[in-house]
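For reference, the structure is listed below as structure tokens.
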Amino acid sequence: MQEIEKNDVQANEVVRYNPAEIEPRWQAKWDAQPELYAAEPVTGPHKSEKPKFYCLEMLPYPSGQLHMGHVRNYAIGDALARFMRMRGYNVLHPMGWDAFGLPAENAALKNNTPPREWTLKNIEQMKVQMRRIGYSYDWAGTEIATCLPEYYRWNQWFFLKMVEQGLAYRRSSKVNWCPLCATVLANEQVVGGCCWRHEEQIVEQRELEQWFLRITKYADELLDGLDTMPGWPEKVRTMQRNWIGRSEGAHVDFRVSAMADTPAITVFTTRVDTIFGATSIQLAPEHALVKEWVKTDARLAEAVATMVAEQKAARETGDIGNIEKHGVATGMKAINPFNGETLPIWVANYILADYGTGAIMSVPAHDERDFEFATKYGLAVKRVVSARGKEESDALPYGEEEGAVLVDSGEWTGETPLIAQEKMARYAEEHGFGKKTTTYRLKDWGVSRQRYWGTPIPMVYCERGHEGVKAGGVVALPESALPVLLPEQIEITQEGGSPLGKVAEFVHTTCPVCGGPARRETDTMDTFVDSSWYFYRYTDARNAAAPFDSEKANHWFPIDQYIGGVEHAILHLIYSRFWTKVIRDLGLIANSEPAERLFTQGMVIKDGAKMSKSKGNVVSPDLMIEKYGADATRMYALFAAPPDRDLEWQEEGVAGISRFLARVYRLTLKYAPVVRRLEQSTHGDEIAPEQFAGQTVEGAALLRALHQTIAKITEDFSGRWHFNTCIAAIMILVNEIYAAEAAMDKGDVAAATIAELLRTLTLMLVPFAPFLAAELWQELGERSDVFMQPWPVADAELARENEIEVPVQVNGKLANVIKLAADADEVAIKAASLADEKVAARLAGKTIVKHLVIDKSSGKLVNLVVK
RNA sequence: GCCGAAAUGGCGGAAUUGGCAGACGCGCAUGGUUCAGGUCCAUGUACUCGCAAGGGUGUGGAGGUUCGAGUCCUCUUUUCGGCACCA
């Protein structure tokens, strides 16, 4: 690559900052060096001595168009990755493509382009965009596309492992069905009763045979682990806690009276201590017993059918919490095992079949819903918890009271509710009619999808059957049969049923056990399987023999910093935690959680709303880059708001950043000849400290400002990531240098100082504006790669102020600000504050009660309290 | 209903531990530079009274703690996000 040599510019010549010329030139240079951003090896004889830092941004879906949310997400990650590299870390900064999924099939239907072709073309397009922005990814070493067999074969491999471990299983179940996707959705993909991809589409319920992953096996660990993850936002942890929904309680069996052959009704309750207040049993309309009873009771059958329809409709519109409670008495009776009381059994529309046991004991005195229901149907209300014996004057249902104990509860009367819960659950267990139980809202992860563009599930159905497998039974393929390749030539339709089912040569195969005819599973895997473990693959992306090498993964994991949108708080972030625990138990990795720290960035909005095609407020990154340059675009994305907040895109702001970069460019080019001459005279060695000796006042002030800026930015990078204030600090520094321009031109600032200023300024720009930084580094006469330079270190001595400004308050209100020597002691400060004219004017005719001098590291302050 | 986050100029935002509220940028205004400008430079810009010097008010609202509160406490309003007959 040809180096660009420029002659010394005349001081008054106008040099224009032209990112359209600078950026493509550097991009071409960088693209020609595939190893540029590769991490050093972490195994073998040449293994890196540096501490590791795994910086990861969530991998994008290759829609073909990078949007501003991506630009921002990756600008945050890239700033961090570049900073950590300069701080001496061995940085893994990978990128890949979440490349399976429905849009490719929709595009195929629309344009008659095969999904694979469409996807790969989109990847190419987006990669061009990402390279244009100058993100420091190790493309050559890490890039993956989940739709390629080199990747998805490991999905299949993990699936087989899970089948072996009993973690993947097949069962018939009620599932969410999106008619527009023509496929099943996981619970996590249903948002407010609607499809996560089609926000207007109500999700239907269908009964289907599906593959499930037993995520519930890890429910407790997933929940408890949240308490050990301080590096994750509280918001995400709370959302996951709610999603898992652990609820401690008890199962209690109520026998159905006079029906010895009918199984007992098991209810789930979190308040077994209130069981003496139960006045009815309520069953979900779809409870197994109800299904029996409606066979012989037409009136009941009709009422139940209505309720089922109602629940279905309400669930689909997301109004399940608002439907009016009603129910129907079955005429049956159940016996409370604690006191032998006979309770009527009802069917009620507010009981959910898929939570708990689908049956409850109704305690109207202590539960709002039960109370509402009991009032409507005239069922008894019986108080069993009270602080003061029995006072019926309180508002119903009775709430929690300080010091409440059980009343009218047999041998448990007088116990506190918490202790009673323990004792009564134990009693039930000892007498064989119940036990302490934990229930979860989390359900097993349904991973079957009736779509084409996904990972084939590596299972077959043996048609004839063989020993241990009945005809049509399911058989796992051996590892040697992997990958099960997705056929390329296929007709895509949305008529329901898996498109793969129509590909005869795919479907028809032989049973790996008996060699007889077999049919392949034609459903594909949920694409969230792909993204559940991709970050492990990054550590060893070219491995053809295993999903990854454990030694490498163990070196890099956990991810030091994971960055992405909060919209994945439940979906991806819970699935990938689950996957981590599974492969830990398989012995592949040592860590139990994937990421040490998680950062959720805010959305990019425009005119107060999320950018979307339908709202017509989308700002194209390409257009921004064309007008203002990649540096200005990404830097604006970091400057306009702190990264965790929503960011309002204002084009004028991008123009402002562009102006700032132009100011830096002009400043550097103006003094670059001075710096280059100095370099030559010192043969490019480090500038010796003695060259700073005998600083002029102007030079010392500039160095002070410089080192204060270094300290500020370095600190911000280590914790809060308020890049907006980092960038503001650089702007302030540049403004100060410009303010000293006349002094510099007169020769009042040493050449070595100017060199130090400009070189350090350039280094500090690397995380935010890498193209400009590279250009300026070269202009300053440097030949090395600017982004591999060590990050500047703040010198506290140089940063120290020798004069300070001390605000003087009178009764807490600012009277004046006085200037004092930095080492002025309390006596001197007091004297100076009293000597000030403006302060004296405020004190006239008053008595001083207190004279406070506050001295903190952040500064000093005087407050005079007067009467 | 429950949980979480937030509210500061015309706008985005700053004030990290209670200590000069409004950094930095945008916008706007005035002046200058330029053949020209999505150029550049300078100055000003919270509100309010005042010609001015100078004063008063001010961080959604109401109280409180403190020498001192945008920051802490209590209550409250609004906005956004999540969960929601979860027994």
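By convention in this document, chain letters (A, B, ...) are assigned in the order of the sequence lines, proteins followed by strands, and residues within each chain are numbered from 1.
- For a distance-only test at 3.5 Å, the side chain of N242(A) fails to qualify as a donor-acceptor partner of the base of C83(B).
- E21(A) has no carboxylate O lying under 4.0 Å from a charged side-chain N of R16(A), or vice versa, which leaves the two without a salt bridge.
- Rounded to whole angstrom, the span from the CG atom of L861(A) across to the P atom of U66(B) amounts to 19 Å.
- Rounding to whole angstrom units, NZ of residue K830(A) and C1' of C67(B) are separated by 13 Å.
- Here F717(A) and F723(A) bring their ring centres to under 6.0 angstrom of each other.
- Between G70(B) and A14(B), the distance separating the two C1' atoms is 11 Å to the nearest Å.
- Shown are E422(A), E248(A), Q421(A); of these, the side-chain hydrogen bond (donor to acceptor under 3.5 Å, both in side chains) with K436(A) is made only by E422(A).
- The same atom, C1', is picked in C24(B) and in U34(B); the two are 28 Å apart, to the nearest Å.
- Atom OG1 in T270(A) sits 8.5 Å away from atom CG in D367(A) (nearest 0.5 Å).
- Distance CZ (F723(A)) to C1' (G25(B)): 18 Å, rounded to an integer number of Å.
- Pairing of C85(B), defined by two Watson-Crick or G-U wobble distances under 3.5 Å, is not identified with any nucleotide.
- Nucleotides G22(B) and C11(B) are separated by 13 Å at their C1' atoms, to the nearest Å.
- For N816(A) and C20(B), the shortest distance from a side-chain N or O to OP1 or OP2 is not below 4.0 Å.
- Residue K846(A) contributes atom NZ, which lies 18 Å from atom P of C67(B) at whole-angstrom precision.
- Contacts of L852(A) with the nucleic acid, taken as non-hydrogen atoms under 4.0 Å apart, include base atoms.
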In 5'-to-3' order, the base (B), backbone-only (S) or no-contact (-) status of each nucleotide in nucleotides 30-49 of chain B, using a 4.0 angstrom heavy-atom cut-off, is -------BB-SS--------
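- Look at CG on L814(A): it is 13 Å from P on G54(B), rounded to the nearest Å.
- Remark: the separation of the C1' atoms in U78(B) and C40(B) is 44 Å, to the nearest Å.
- Spacing between U17(B) and C86(B) at atom P, rounded to whole Å, works out to 39 Å.
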Indicate every side-chain donor-acceptor pair of residues 627-634 of chain A with a distance under 3.5 Å to a residue at least two apart or in another chain.
{"residue": "K627(A)", "atom": "NZ", "partner": "E651(A)", "partner atom": "OE2", "Å": "2.7"}
{"residue": "Y628(A)", "atom": "OH", "partner": "E651(A)", "partner atom": "OE2", "Å": "2.9"}
{"residue": "D631(A)", "atom": "OD1", "partner": "F771(A)", "partner atom": "N", "Å": "3.3"}
{"residue": "D631(A)", "atom": "OD2", "partner": "F771(A)", "partner atom": "N", "Å": "3.4"}
{"residue": "D631(A)", "atom": "OD2", "partner": "L772(A)", "partner atom": "N", "Å": "2.7"}
{"residue": "T633(A)", "atom": "OG1", "partner": "G629(A)", "partner atom": "O", "Å": "2.8"}
{"residue": "R634(A)", "atom": "NH1", "partner": "D78(A)", "partner atom": "OD2", "Å": "3.4"}
{"residue": "R634(A)", "atom": "NH1", "partner": "I133(A)", "partner atom": "O", "Å": "2.8"}
{"residue": "R634(A)", "atom": "NH1", "partner": "G134(A)", "partner atom": "O", "Å": "3.2"}
{"residue": "R634(A)", "atom": "NH2", "partner": "D78(A)", "partner atom": "OD2", "Å": "2.5"}

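- Comparing G58(B) with C47(B), their C1' atoms are spaced 7 Å from each other, to the whole Å.
- Between the P atoms of U59(B) and U71(B), the separation comes to 9 Å (whole Å).
- Look at G12(B): its Watson-Crick or wobble partner, with both distances under 3.5 angstrom, is C24(B).
- A perpendicular orientation is assigned to the rings of F373(A) and W346(A), their planes being inclined by more than 60° (bins at 30° and 60°).
- Here C83(B) presents its P atom at 19 Å from CZ of R237(A), a figure rounded to the nearest Å.
- In terms of polar N and O atoms assigned as donor or acceptor, the side chain of Q809(A) comes within less than 3.5 Å of the base of G19(B) in a complementary pairing.
- Using N1 to N3 plus N6-O4 or O6-N4 for Watson-Crick, or N1-O2 and O6-N3 for G-U wobble, each under 3.5 Å, G50(B) pairs with nothing.
- Residue K850(A) places at least one side-chain N or O under 4.0 Å from the OP1 or OP2 atom of C67(B).
- At a threshold of 4.0 angstrom between heavy atoms, the contacts of N811(A) with the nucleic acid are absent.
- Comparing the same atom, P, in G18(B) and in G10(B) gives a spacing of 29 Å after rounding to whole Å.
- Along RNA chain B, the nucleotide closest to V862(A) and the one closest to G358(A) are compared, and the more 5′ of them pairs with V862(A).
- Across all strands shown, the partner of C80(B) is G4(B), judged by Watson-Crick or G-U wobble contacts whose two distances both fall under 3.5 Å.
- Contact check on R369(A) versus E372(A) returns no salt bridge, with no Lys/Arg side-chain nitrogen under 4.0 Å from an Asp/Glu carboxylate oxygen.
- Salt bridge present: R271(A) and D273(A) bring a charged side-chain N and a carboxylate O closer than 4.0 Å.
- Ring centers of F433(A) and F254(A): at least 6.0 Å apart, outside the cut-off.
- Where M239(A) and E805(A) each meet RNA chain B at their nearest nucleotide, the meeting point lying more 5' is that of E805(A).
- C86(B) atom P lies 18 Å from atom CG of L442(A), rounded to whole Å.
- Closest contact between the side chain of V865(A) and the listed nucleotides G19(B), A87(B), C67(B) involves C67(B).
- No contact: Q282(A) has no heavy atom under 4.0 Å from any strand.
- Under a cutoff of 6.0 Å and an axis angle of 45°, K325(A) and Y350(A) form a cation-pi pair.
- Among the nucleotides C85(B), C86(B), A23(B), the one closest to the side chain of A728(A) is A23(B).
- Heavy atoms of G245(A) sit nowhere under 4.0 angstrom from any nucleic acid atom.
- G9(B) shows a glycosidic angle within 90° of 0 and is accordingly assigned syn.
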What does the B/S/- profile of nucleotides 4-14 of chain B look like, 5' to 3', with a 4.0 Å heavy-atom cutoff to protein? -------SBSS
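- No engagement by K867(A) is indicated, since no non-hydrogen atom pair under 4.0 Å with the nucleic acid exists.
- A donor-acceptor pair is defined here as one N or O able to donate and one able to accept, closer than 3.5 Å; no such pair exists between the side chain of Y575(A) and the backbone of I215(A).
- A straight line from CD1 of I574(A) to C1' of C83(B) spans 13 Å, rounded to a whole angstrom.
- Counting any heavy atom pair closer than 4.0 Å across all strands shown, I657(A) reaches no nucleic acid atom.
- Formation of a donor-acceptor pair under 3.5 Å by the R72(A) side chain with backbone atoms of G602(A) is found in this model.
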